[in-house]
Amino acid sequence: MADIIEAAGHPVGSGAIKPEYDPRLANEDLAPLRKQSWGSYNIFAFWMSDVHSVGGYVTAGSLFALGLSSWQVLVSLVAGIGIVYFFCNLVARPSQVTGVPYPVINRSAFGVLGANVPAVIRGLIAVAWYGIQTYLASAALDVVILKLFPGLMPYADVSQYGFLGLPLLGWCSYALLWVLQAAVFWTGMETIRRFIDFCGPAVYVVMFLLCGYLLVRAGFSEVDLTLGEVKYHGWDALPIMLGAIALVVSYFSGPMLNFGDFSRYGKSFAAVKRGNLLGLPVNFLVFSLLVVVTASLTVPVFGELITDPVATVSRIDSTFAIVLGALTFTIATIGINIVANFISPAFDFSNVSPQRISWRAGGMIAAVGSVLITPWNLYNNPEVIHYTLETLGAFIGPLFGVLIADYYLVRKQRVEVDEMFTMSPAGRYWYRNGYNPAAVIATAVGAVIAVIPVLWTGGPGMHEVAQYSWFIGCGLGFATYWLLVPVFRVRDLSRC
């Protein structure tokens, strides 16, 4: 008997499976939706959950500590988030129009079987970040536990009670959040929607309260939008500003790539665009300014610059404030984790074998994998992060470039939905044995070249170039695919 709630939390049948759909390509989670009900606020809340996290706080604050003046940082923020907004609208449209998730829309570009290439790459990146974000949330929870029960301090010492690099208290916190996230995910997409609708605004409330508390303690005269000394002036500041723009784009590159997993629920493309406008340029700028005001006030109040919101909250002389703040940031991190790093691999892994792997099963594969990689060791070793996550991240750009080039230039925004669910050699997206060589080669070319500066940071100028790996990969993937389209007769084979 089918689950009562399927198709990513919608009632059975909302994934419109037609009799001619091949079961090797379709289940109720991957099939086009019968009903698309998300409005602008739901998309807005999605981005709030993505931005309002410990990682988002630290990232925004770090931009104001690059040695730039405040106006230069704001220009960089506007430019970076503007690029993200533009690209999110591009990648949102195909999934919103067709009602299918990111891995399925890739079948038109990569082939019905080749779509597993981008699905697996994106899924693996999400698994790694899912583990790290769960660890960060558990660390915030540890602050609350130790404040309430200081006698547990020995169990937070990895040298006394440690296993695989994590203390016993850390294991308990991680396990609790692991189960909580899995429970929210398991109940379906509608529960997740309600959860993220709450998370983003909740963090804003706590952030404004925290900022207000520090303003009362320090006074308005202590607000400084430049965290640190201004080191760059004139044209010397341009490379730093470009690096800041690249950092903003890189931070959002993961959820930006698979944004189709969410835009498919939008009731209209106009609603999605409005949600993107509110959630990205508007929300990100307000949040960034709130972060820098709060961080700057930690200097006069606590005597040092603190860029970690949980650490800031923990310095307040109020158990209630510490518990409220830390729990809120914990919940917010859970929100971004489910949104950015749980739902994506759920669809991606389900796409590999729809008959055997449902949306829920795909998500649980990601959850188990996130523990096996011991993310606390990954996070605590910057070199490991550099050579794993950034190496995988270099693949995101080419995947984005290929999808955009195929949908907008090759197909002129026309995709035959039913053809993405057939294994017939006569199907539009069968290409060569289910794979489009042009897309696979373009992805490989873009990724290999983009990853060189990431791995060879000791080379001449490579360290500076590495921060633009997404742009390099995206541009090369886009251009290479466009050049290979006539070579491999992509238009003829897919009858564009």
Side-chain angles (χ1 to χ4, degrees), residues 50 55-56 58-60 62-63 66 76-77 79-88 90-91 102 106 109-110 117-129 132-133 238-259 340-341 344 348 378-379 381-405 439-483:
D50 199 29
V58 174
T59 299
S62 69
L63 296 179
L66 291 174
S76 302
L77 282 172
I81 205 64
I83 292 172
V84 173
Y85 170 69
F86 174 73
F87 282 146
C88 278
L90 286 182
V91 81
Y102 167 75
N106 267 299
F110 285 82
V117 173
V120 170
I121 291 173
R122 177 65 183 101
L124 291 175
I125 295 172
V127 168
W129 275 115
I132 289 175
Q133 290 281 13
L238 185 59
I240 310 301
M241 293 176 67
L242 292 176
I245 292 171
L247 179 63
V248 172
V249 176
S250 296
Y251 179 79
F252 289 100
S253 62
M256 183 169 64
L257 177 66
N258 68 287
F259 183 57
N341 303 315
S344 170
D348 293 335
L378 196 66
Y379 182 76
N381 189 330
E383 185 176 349
V384 173
I385 293 178
H386 175 76
Y387 288 114
T388 53
L389 298 183
E390 288 190 12
T391 300
L392 288 173
F395 285 80
I396 291 181
L399 294 175
F400 191 95
V402 169
L403 178 60
I404 296 304
V440 176
I441 293 173
T443 298
V445 169
V448 168
I449 296 177
V451 85
I452 289 176
V454 176
L455 299 179
W456 189 30
T457 50
M462 291 295 103
H463 179 73
E464 290 74 19
V465 175
Q467 60 188 339
Y468 303 107
S469 60
W470 185 91
F471 291 93
I472 295 170
C474 181
L476 286 173
F478 185 97
T480 304
Y481 182 71
W482 179 244
L483 292 173

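Side-chain atoms are counted along with the backbone in the values below, which use heavy atoms only and exclude waters and symmetry mates.
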Heavy atoms only: give me the nearest [X]-[Y] pair and the separation to one decimal.
X	Y	answer
P398	A394	CD-O, 3.1 Å
T480	A442	CG2-CA, 3.8 Å
V91	L257	CG2-O, 3.6 Å

Side-chain contact test, heavy atoms from C-beta onward, threshold under 4.5 Å: evaluate it for [X] versus [Y] and give yes or no.
X	Y	answer
M462	L455	no
L238	L242	yes
I83	I245	yes
L403	Y102	yes

Self-check item: Set of side chain to side chain donor-acceptor pair (under 3.5 Å) partners for N341, sequence neighbours left out
Solution: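 N341 satisfies side chain to side chain donor-acceptor pair (under 3.5 Å) with N337 only.
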Quiz item: Does D348 have any side chain to side chain donor-acceptor pair (under 3.5 Å) partners at least two apart in sequence or in another chain, and if so, which?
Solution: S344
Sequence neighbours left out, what passes side-chain contact (heavy atoms from CB on, under 4.5 Å) with [X]? Give chain and number order.
X	answer
A439	F110, V402, N436, Y481
I121	V117, I125, F395, L399
V120	L124, V352

Exercise. Report the residues that fulfil ring pair (Phe, Tyr, Trp, His ring centres under 6.0 Å) with F252, sequence neighbours left out, ordered by chain and then residue number.
Key: F284
Self-check item: With sequence neighbours excluded, residues passing ring pair (Phe, Tyr, Trp, His ring centres under 6.0 Å) with F400
Solution: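 Result, ring pair (Phe, Tyr, Trp, His ring centres under 6.0 Å) vs F400: F87, W470.
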Quiz prompt | Any donor-acceptor pair under 3.5 Å from R122 side chain to I396 backbone | solution =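 No, R122 side chain to I396 backbone: no donor-acceptor pair under 3.5 Å.
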Quiz item: Where the side chain of S253 meets the backbone of S250, is there a donor-acceptor pair that is under 3.5 Å apart?
Solution: yes
Quiz prompt | Chi angles and distances behind the side chain to side chain contact (heavy atoms under 4.5 Å, CB included) call for L247, Q467 | solution = CA-CA 7 Å; L247 179 63; Q467 60 188 339; over 6 Å; no
